[in-house]
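What you see is a predicted model, and the numbers here were worked out from it, not measured in a lab. Hydrogens, waters and symmetry mates play no part in the numbers below; they use all other heavy atoms, side chains included.
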Amino acid sequence: MAKIIARIMERNHIPYSMVYGSFLGAVRHKGFIPWDDDFDFCIFDEYYDDVIRSMKEELPDDLFLEYDETEPLYFHAWPHVKDLRTETACSKYPQDNAYAHKGLSVDLYRFKRVRLVDVTDEVIFQGHQYMERRRSKGLISDSDYNRYAARFEAMHSWFKNMYPNETEDSVKREVYANVYTSLFSVDVDDMFPLEKYKFEDTEFYGPNKADKVLKHWYGDYMKLPPEEKRVSHFDFVKFLE
């Protein structure tokens, strides 16, 4: 699935990058983390419409582009590509079970270019938007929404400790941040120019400063986590063909 998606984006001159567990796997394992069972790319907000168009036009029939125009209950802010030949269950993220298609998935996380000083406010705003989408589609109650909203506000001061107050550097410094789901960010110069990394029997693009990016995300990233934390995304995968 990742090979197909990457080929489509490269053919259409759309930049992308491995992120999170997939990028960690590429650097630490030269492929999949042994207990990982999904794949993470990031796409850049300024190319979002190009990604949607190219995937709609060029994905094969056994892969499904899942986003707000194809899934009535869609509440995420980034698209997934789902495999129609598999079926999964996920107790780790039970909200995802609301979607009609439950196959293996490739996330296309959206990274937005923002000033470092604005990351916290962007994350808080997107968190409220995420919960509002779930409430508007009847997936959570008003009381659940209010509880989550209060939690976001309580977390705001903690977020501020991770990112600087308004300083000359933080105002001028631009980063690519996944403001739709986390505080993780990458300095623009640490992301571009993108470099290719070996992943199993192929190569995919990733941030050019791997060590700096992975230390920011994971700390001592070459150290394996304890066995009890080596947890897969899905409970099971059923192959339908």
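For the pair E200 and K30, the salt-bridge criterion is not met [side-chain N within less than 4.0 Å of a carboxylate O]. Of the charged side-chain nitrogens involved, at least one lies within less than 4.0 Å of a carboxylate oxygen, so that D187 and R173 count as a salt-bridged pair. Ionic pairing of E87 and K102 is not present here: no N-O contact between side-chain nitrogen and carboxylate oxygen is shorter than 4.0 angstrom.
Among residues two or more places apart in sequence or in another chain, the ring-ring contact (aromatic ring centres under 6.0 Å, His included) test is passed with Y148 by none. Residues forming a ring-ring contact (aromatic ring centres under 6.0 Å, His included) with F234 (at least two apart in sequence, or on another chain): none. Looking at residues two or more places apart in sequence or on another chain, you find a salt bridge (Lys or Arg N to Asp or Glu O under 4.0 Å) between E58 and R11. Scanning for ring-ring contact (aromatic ring centres under 6.0 Å, His included) contacts around H233 gives Y93, with sequence neighbours left out. Legend: residues meeting salt bridge (Lys or Arg N to Asp or Glu O under 4.0 Å) with D144, ordered by chain and number and at least two apart, are R147. When the side-chain contact (heavy atoms from CB on, under 4.5 Å) test is applied to K56, the partners found at least two apart in sequence or on another chain are I52, L65, Y67, E69. Every residue two or more places apart in sequence or in another chain that forms a salt bridge (Lys or Arg N to Asp or Glu O under 4.0 Å) with R85 is listed here: D62, D83. Under the rule for a ring-ring contact (aromatic ring centres under 6.0 Å, His included), the partners of F192 that lie at least two apart in sequence or sit in another chain are F44, Y176. When the side-chain contact (heavy atoms from CB on, under 4.5 Å) test is applied to A6, the partners found at least two apart in sequence or on another chain are E10, Y16, F41, F204. Among residues two or more places apart in sequence or in another chain, the side-chain contact (heavy atoms from CB on, under 4.5 Å) test is passed with E203 by K196. When the salt bridge (Lys or Arg N to Asp or Glu O under 4.0 Å) test is applied to D201, the partners found at least two apart in sequence or on another chain are K3.
Around atom NZ of K215, no more than 12 heavy atoms belonging to other residues, nucleotides or ligands sit under 6.0 Å away. More than 12 heavy-atom neighbours from other residues, nucleotides or ligands sit within 6.0 angstrom of OH on Y145.
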Under 3.5 Å, side-chain donor or acceptor atoms of residues 218-229 against the rest of the protein: list the pairs with distances, not counting sequence neighbours.
residue : atom : partner : partner atom : Å
Y218    : OH   : G21     : N            : 3.4
Y221    : OH   : D211    : OD1          : 2.7

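For an aromatic pair to be called close, the ring centres must be under 6.0 Å apart, and H80 with Y74 satisfies this. W78 and Y180 have their aromatic ring centers separated by at least 6.0 angstrom. The aromatic ring centroids of F39 and F199 lie less than 6.0 Å from each other.
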Exercise. Under the side chain to side chain contact (heavy atoms under 4.5 Å, CB included) criterion, do L108 and V81 qualify, and how do the steps go?
Worked result: CA-CA 8 Å; L108 300 179; V81 175; 4.1 Å; yes
Exercise. Run the side chain to side chain contact (heavy atoms under 4.5 Å, CB included) check on M191 and L194 step by step: do they pass?
Worked result: CA-CA 6 Å; M191 177 68 79; L194 298 165; 3.7 Å; yes
For this session: Give the intermediate values and the outcome of side chain to side chain contact (heavy atoms under 4.5 Å, CB included) for residues R113 and V175.
Result: CA-CA 6 Å; R113 186 166 177 160; V175 298; over 6 Å; no
Problem set entry | M18/C42 under side chain to side chain contact (heavy atoms under 4.5 Å, CB included): CA gap, chis, key distance, verdict | CA-CA 6 Å; M18 289 182 291; C42 83; over 6 Å; no
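A heavy-atom distance below 4.5 Å is found between the side chains of L214 and F23. Within the 4.5 Å cutoff, side-chain heavy atoms of Y48 are placed close to those of P79. Here the side chains of D40 and Y109 are in contact, with some heavy-atom distance below 4.5 Å. Side chains of R135 and D142 form a contact here, defined as non-hydrogen atoms less than 4.5 Å apart.
Cation-pi geometry between R133 and F75 is not satisfied (NZ or CZ under 6.0 Å from the ring centre, within 45° of the ring normal).
Formation of a donor-acceptor pair under 3.5 Å by the N12 side chain with backbone atoms of I8 is found in this model. A donor-acceptor pair is defined here as one N or O able to donate and one able to accept, closer than 3.5 Å; such a pair exists between the side chain of K82 and the backbone of H101. Panel note: side chain N208, backbone D189; a donor-acceptor pair is recorded below 3.5 Å. Checked by atom type and distance alone, the side chain of E71 pairs as donor or acceptor with a backbone atom of A100 at under 3.5 Å.
Each of H128, R134, E132, Q126 was compared with Y130 under the side chain to side chain contact (heavy atoms under 4.5 Å, CB included) criterion, and only R134 meets it.
At a cut-off of 3.5 Å, with distance as the only test, a side-chain donor of D235 or S91 sits close to an acceptor on the other residue. Side-chain contact annotation: Y99 with H76, donor-acceptor N/O pair under 3.5 Å present.
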